[in-house]
Amino acid sequence: MSVVPVESRSYVHSAIAKASARTGVDFNYLLGQAQVESGLQANARAGTSSATGLYQFVEQSWLGVVKAHGAEHGMAWAADSIRQGSNGRYYVADAGTRRAILNLRSDPQASSLMAAEHAADNKAALETALGRSATGTDLYMAHFLGLGGARQFLTTMQSNPDRSAVAMFPAAARANRSIFYGAGGQPRSLAEIYDRMATKLDRGAKAGGGEGVDMGDALNGGFPVNRMQPAVLMNGFDGDVIMGNEAQGGDAAWLTTTLANLNVVRSRSGDATTPQMQMQMASLYRPTPESARLAYSILAGLGNA
């Protein structure tokens, strides 16, 4: 089993928290996906495909999402260099530029931002198809089966949850027998696979240091509200926090991650004049029991500095 160094883990947490804050995608979902896909290793590479990085983007998926969203996050040079051919495939004319764009998959900040944007795109598409809010598990199904496969899986599950998933997705079943088949080779149903994916994602978030992903029934809230956004990014502020003289190299990343876990909520529009935003800002002064305990433990530790 590989072990991620503490400093690297802190930097990865910080990158995911910032991506969550900028896109509105749930921190725990992004953390769980990264843990499941790569064990939080920024340089992870698959042995059987081109999948690389925290979120194991294959080349075509990465080029597509960077083309769509790179310019929004300081990667206009990359987005402008990517073209889409008549066959639908993405390409970059210059070999050196293509290599530089693909290497961004190993950058935790770029990878987290693109994973969040990809999830947001899938969320909108799935909600249109399903007629309900998308859950974290729905989004992971889109990551696992592709958007088209996820639409088919989820819409069928709504009406026939006991249907065999193997019959619907034979190719995916051949490549992922442990997911599609149970003990003794018994094919699993759509509902059984969905439950396994929910558990896998939830365990991934907890293993990565998060709170687990609230998969709740769509009727009881659907896709979880992002409760894990850094306070320093409230109202669109993206400035620097000045650390004390004795701060160590990794303390800035630690601070961002800690603030991200204090249940701070931020409107994606950042409009502090709306009643909703005012209520969200007020919540900063009404900590939950969990965040109060965390804050107390942090302060207690500082007392020993």
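Atoms CG and CG, from Leu154 and Leu190 in turn, are 9.0 Å apart once rounded to the nearest 0.5 Å. Considering CZ of Phe169 and CD of Gln152, their distance stands at 4.5 Å, rounded to 0.5 Å. Here the straight-line distance linking atom CG of Leu113 with atom NZ of Lys18 works out to 8.5 Å at 0.5 Å rounding. Within the model, atoms CZ of Phe57 and OG of Ser106 stand 12.0 Å from one another, a figure rounded to the nearest 0.5 Å. How far CG of Leu139 is from CE of Met197: 13.0 Å, rounded to the nearest 0.5 Å. Rounding to the nearest 0.5 Å places CZ of Arg203 at 13.0 Å from CD of Gln35.
The shortest side-chain heavy-atom distance between Val66 and Leu104 does not fall under the 4.5 Å cut-off. By the 4.5 Å heavy-atom criterion applied to side chains, Leu40 and Leu31 are counted as neighbours. Side chains of Tyr91 and Gln84 form no contact here, defined as non-hydrogen atoms less than 4.5 Å apart. Taking 4.5 Å as the limit, some side-chain heavy atom of Tyr140 sits within range of a side-chain heavy atom of Gln33. Looking at Ser81 and Ile101, their side chains come closer than 4.5 Å, going by heavy atoms from C-beta outward. Side-chain contact check for Leu54 versus Ser112: some heavy-atom pair is nearer than 4.5 Å. Looking only at side-chain heavy atoms (C-beta outward), Glu59 and Arg105 come within less than 4.5 Å of each other. At least one side-chain heavy atom of Glu127 sits less than 4.5 Å from a side-chain heavy atom of Ser133.
Nearest heavy-atom pair across Ala71 and Ala79 is N-CB, 4.0 Å. The minimum heavy-atom distance between Asn122 and Ala142, with the atom names listed, is ND2-CB, 3.7 Å. Thr23 and Ala116 get closest at one heavy-atom pair: OG1-CB, 3.3 Å. Between Asp138 and Leu126, the closest heavy-atom pair is O-CD1, 3.6 Å. Of all heavy-atom pairs between Tyr55 and Ser111, the closest is CD1-OG, 3.4 Å. Scanning all heavy atoms of the two residues, the minimum distance from Gly32 to Leu201 falls at C-CD1, 3.7 Å.
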Report the C-alpha distance between Gln56 and His143 in whole Å, list the side-chain angles of each, state the deciding distance to 0.1 Å, and finish with yes or no for side chain to side chain donor-acceptor pair (under 3.5 Å). CA-CA 10 Å; Gln56 292 293 281; His143 175 78; over 6 Å; no
From CA spacing to verdict: side-chain contact (heavy atoms from CB on, under 4.5 Å), Met114, Trp62: CA-CA 8 Å; Met114 293 301 98; Trp62 180 253; 3.5 Å; yes
Going through the checks in order, is the side-chain contact (heavy atoms from CB on, under 4.5 Å) test met by His69 and Met75? CA-CA 8 Å; His69 297 287; Met75 293 179 282; over 6 Å; no
Set out, in order, the CA-CA distance, both residues' side-chain angles and the distance that settles side-chain contact (heavy atoms from CB on, under 4.5 Å) for Leu102 and Thr52, then state yes or no. CA-CA 9 Å; Leu102 292 176; Thr52 300; over 6 Å; no
Between Asp195 and Lys200, is the salt bridge (Lys or Arg N to Asp or Glu O under 4.0 Å) condition met? List the steps. CA-CA 9 Å; Asp195 288 344; Lys200 183 178 182 180; over 6 Å; no
Dump the intermediate steps for side chain to side chain donor-acceptor pair (under 3.5 Å) on Gln109 and Tyr11, then the final yes or no. CA-CA 9 Å; Gln109 292 194 25; Tyr11 181 70; 3.3 Å; yes
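Judged by distance alone, the side chain of Arg83 and the main-chain N or O of Asp80 form a donor-acceptor pair under 3.5 Å. Side-chain N or O atoms of Asn160 include none that pairs as donor or acceptor with a backbone N or O of Thr156 at under 3.5 Å. Remark: the backbone N or O of Tyr90 is paired with a side-chain donor or acceptor of Gln60 at under 3.5 angstrom. Distance alone, capped at 3.5 Å, is enough to place a donor-acceptor pair between the Thr128 side chain and the Ala124 backbone. Asp202 places no side-chain N or O within donor-acceptor distance of the main-chain N or O of Ala198, the cut-off being under 3.5 Å.
Salt-bridge check for Glu72 with Arg22: failed, with every basic side-chain N at 4.0 Å or more from each acidic carboxylate O. Under 4.0 Å is where a charged nitrogen must lie from a carboxylate oxygen, and between Lys123 and Asp26 no such pair does. Checked for salt-bridge contact, Glu192 and Arg196 miss the test: no charged N lies under 4.0 Å from a carboxylate O.
No continuous path of hydrophobic side-chain contacts links Ile82 to Val58 [ILVMFWY only; heavy atoms under 4.5 Å].
For Thr135 and Tyr194, the side-chain atoms include at least one donor-acceptor pair closer than 3.5 Å.
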